[in-house]
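Remarks on the structure that follows.
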2 protein chains.
Amino acid sequence: MISSIAELIAERMDAMPAGERRAAQTLIANYPLIGLKTVAEFSAAAGVSSPTILRFVARLGFQNYPEFQSTLQDELAAQLQSPATRTLNPPSPGGGATPPMLEATLDNMRETFRHLSDRQLADIAAQLAGRRGKTFLIGGRFTDPLARYMAAHLAIVQPEVFHLAGQESMWRDRLIDMGKRDVLVIFDIRRYQDSLIRFAEKAHQRGVQIVLFTDQWLSPIARFARHVIAGRTAVPSAWDSSAALFVVAEMLIATVTRQLEVEGSRRIRAMEDLR
Amino acid sequence: MISSIAELIAERMDAMPAGERRAAQTLIANYPLIGLKTVAEFSAAAGVSSPTILRFVARLGFQNYPEFQSTLQDELAAQLQSPATRTLNPPSPGGGATPPMLEATLDNMRETFRHLSDRQLADIAAQLAGRRGKTFLIGGRFTDPLARYMAAHLAIVQPEVFHLAGQESMWRDRLIDMGKRDVLVIFDIRRYQDSLIRFAEKAHQRGVQIVLFTDQWLSPIARFARHVIAGRTAVPSAWDSSAALFVVAEMLIATVTRQLEVEGSRRIRAMEDLR
DNA sequence: GGAGCGCTGTATCGTATGTTACGTATTTTG
DNA sequence: CAAAATACGTAACATACGATACAGCGCTCC
């Protein structure tokens, strides 16, 4: 089974004429980036003419150059998105091999945070801690527990935190209470739920600031969101993993708590007195 | 010092208008491949028009789109040629190293799994997948969302999965339905809740098999539990982290799903038909 | 409430890019 | 060694891509 273009080339290289073989070699040498550049650049790097490059990709079975490039890009995307192939990983102490699923989860978290700036986290935390308005949280079928988890914590350090639960009609009616001073935290990963999208749109129209937790393919809600957190979800399982989003949520909780330290601890003490 | 485009974007994202921010987000979400495609494809993915994409790259300081693409390619080339620098020197967009909290969370997971044998996980999964009895899930104040999350998934691949919600009196009465063929999954970390402990004890007396998710100090429920999963919870935050337990839960969900593959997929198909 | 500014999308334009035709060079074969 | 076939590059072509001008719209700030 031939999976990558590199293999395909290696297999047919011998059956190629001299010029095309040079093209093949230069492509392998700096794989796959040369193939993503223009035909002119490729041909210059290989020291052959443009038509030779085109004949080369034609011989590989592609209809035209763009098709060849698309395939290369897809291949690259697969490589980048599953860093499982990465050789360097912190060696698991104790000698026991870490299960693939844990491996993937840890990678997901690292990847997620790699694309998440401190600045962005700080901004979101500030928005949540800024006590000017109310905070609403809601999630989809599988992610609603994350919304609950976050709500459970935030509700302790500050007032006016509401988790939107129950039937759609229930929380849709809560829109009436939302304004531009308020924040709506939404969790939505594939398959994106229409009800949530509609809700987000209406909230957006009312000027509500939306913080979206989604996957790397971005829920359509991203269109309405002030802040978007894109977590990696791919794991060797029948389900997507929300673990990375969970960790981001915990970090936000921690940051918000720290910012509200003074009032927060006062609240907590008052709460304990109430028991 | 700004080395990657991702950093550059993270820094200027806030100063961007809505449309360009959407472009930035989609680029970050599938970094960097979208940026290597044509302007038309990029704009379609971001849900904006082509000129917005061009204004976006212009704002990043590039003279034109090809220049932007070249920079992305160079960056990618550097990454591909030395995969070592990728993990050792993770170019986090914020410019800083991995945040301490993420560091601690990752450590927690590794530690948690180090003390968790495959055998134990397999046993628990078998217990959950063994379809002889019902499955109940419940959690404490902060961990109940984890119970919900697990219940949401398990309920799809097998029947008779119940999350115990609402007031204490509610689920206490459900004890009547529980017997020795049933499994009760409990999440309980500090500060351990009396109500949960009482509930676990009564369930144990009825012969219910208890699977306990707790922290490293072990909830008192451990005494009644058939299986105990002790997750690390310490992080530099005012709160404990449930992330490790979350990951264990996800892994169990995955394993159970795999074991029930045949019946599970039949169930899923039947469910989709019902829509 | 009105005027000004800034952002965004539509439509058009110029051009760089991939593609093809054709002539020359090079190798292969009888 | 000659003749044919294949390979390669030059040059002309068409398409699709990036770039730009302009108008509509919403937003902010007097």
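Numbered from 1 within each chain, the chains take letters A, B, ... in sequence-line order. Excluded from the calculations below are hydrogen atoms, water molecules and symmetry mates; all remaining heavy atoms, backbone and side chain alike, are included.
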Q. Going by atom types only, do A:His115 and A:Arg232 share a side-chain donor-acceptor pair under 3.5 Å?
A. yes
Polar side chain donor-acceptor pair, A:Glu250 to B:Ser241, under 3.5 angstrom
yes
Which whole-number value in Å describes the distance from [X] [atom1] to [N] [atom2]?
X       : N      : atom1 : atom2 : value
A:Phe68 : C:dT17 : CZ    : P     : 17 Å
A:Leu36 : C:dT17 : CG    : C1'   : 16 Å
A:Glu67 : C:dT19 : CD    : P     : 10 Å
A:Glu41 : C:dT17 : CD    : P     : 7 Å

inquiry  = Please determine whether salt bridge (Lys or Arg N to Asp or Glu O under 4.0 Å) holds for the pair A:Glu111 and A:Arg114, giving the CA-CA distance in whole Å, both sets of side-chain angles, and the decisive distance to 0.1 Å.
reply    = CA-CA 5 Å; A:Glu111 275 302 305; A:Arg114 220 159 61 83; 3.2 Å; yes
Every protein N/O within reach of nucleotides 23-29 of chain C N/O, cut-off under 3.5 Å:
none

Value for CD1 (B:Ile9) from CD (B:Gln25), rounded to nearest 0.5 Å, stands at 10.5 Å
A:Arg174 to A:Phe136, cation-pi by 6.0 Å centre distance and 45° axis angle: no
* Asked: According to the interplanar angle, ranging from 0 to 90°, do the rings of A:Phe187 and A:Phe213 count as parallel (below 30°), tilted (30 to 60°) or perpendicular (above 60°)?
  -> parallel
Anything under 30° is parallel, anything over 60° is perpendicular, the rest tilted; go ahead and classify A:Phe68 against A:Phe62. perpendicular
Evaluate the side-chain proximity of B:Leu72 to B:Gln69: yes if any heavy-atom separation is below 4.5 Å, no if none is. no
Show each protein N/O and nucleotides 18-21 of chain D N/O combination with a separation under 3.5 Å, one pair to a line.
residue: D:dG18; atom: OP1; partner: B:Val39; partner atom: N; Å: 3.1
residue: D:dG18; atom: OP2; partner: B:Val39; partner atom: N; Å: 2.9
residue: D:dA19; atom: OP1; partner: B:Tyr65; partner atom: N; Å: 3.1
residue: D:dA19; atom: OP2; partner: B:Tyr65; partner atom: N; Å: 3.3

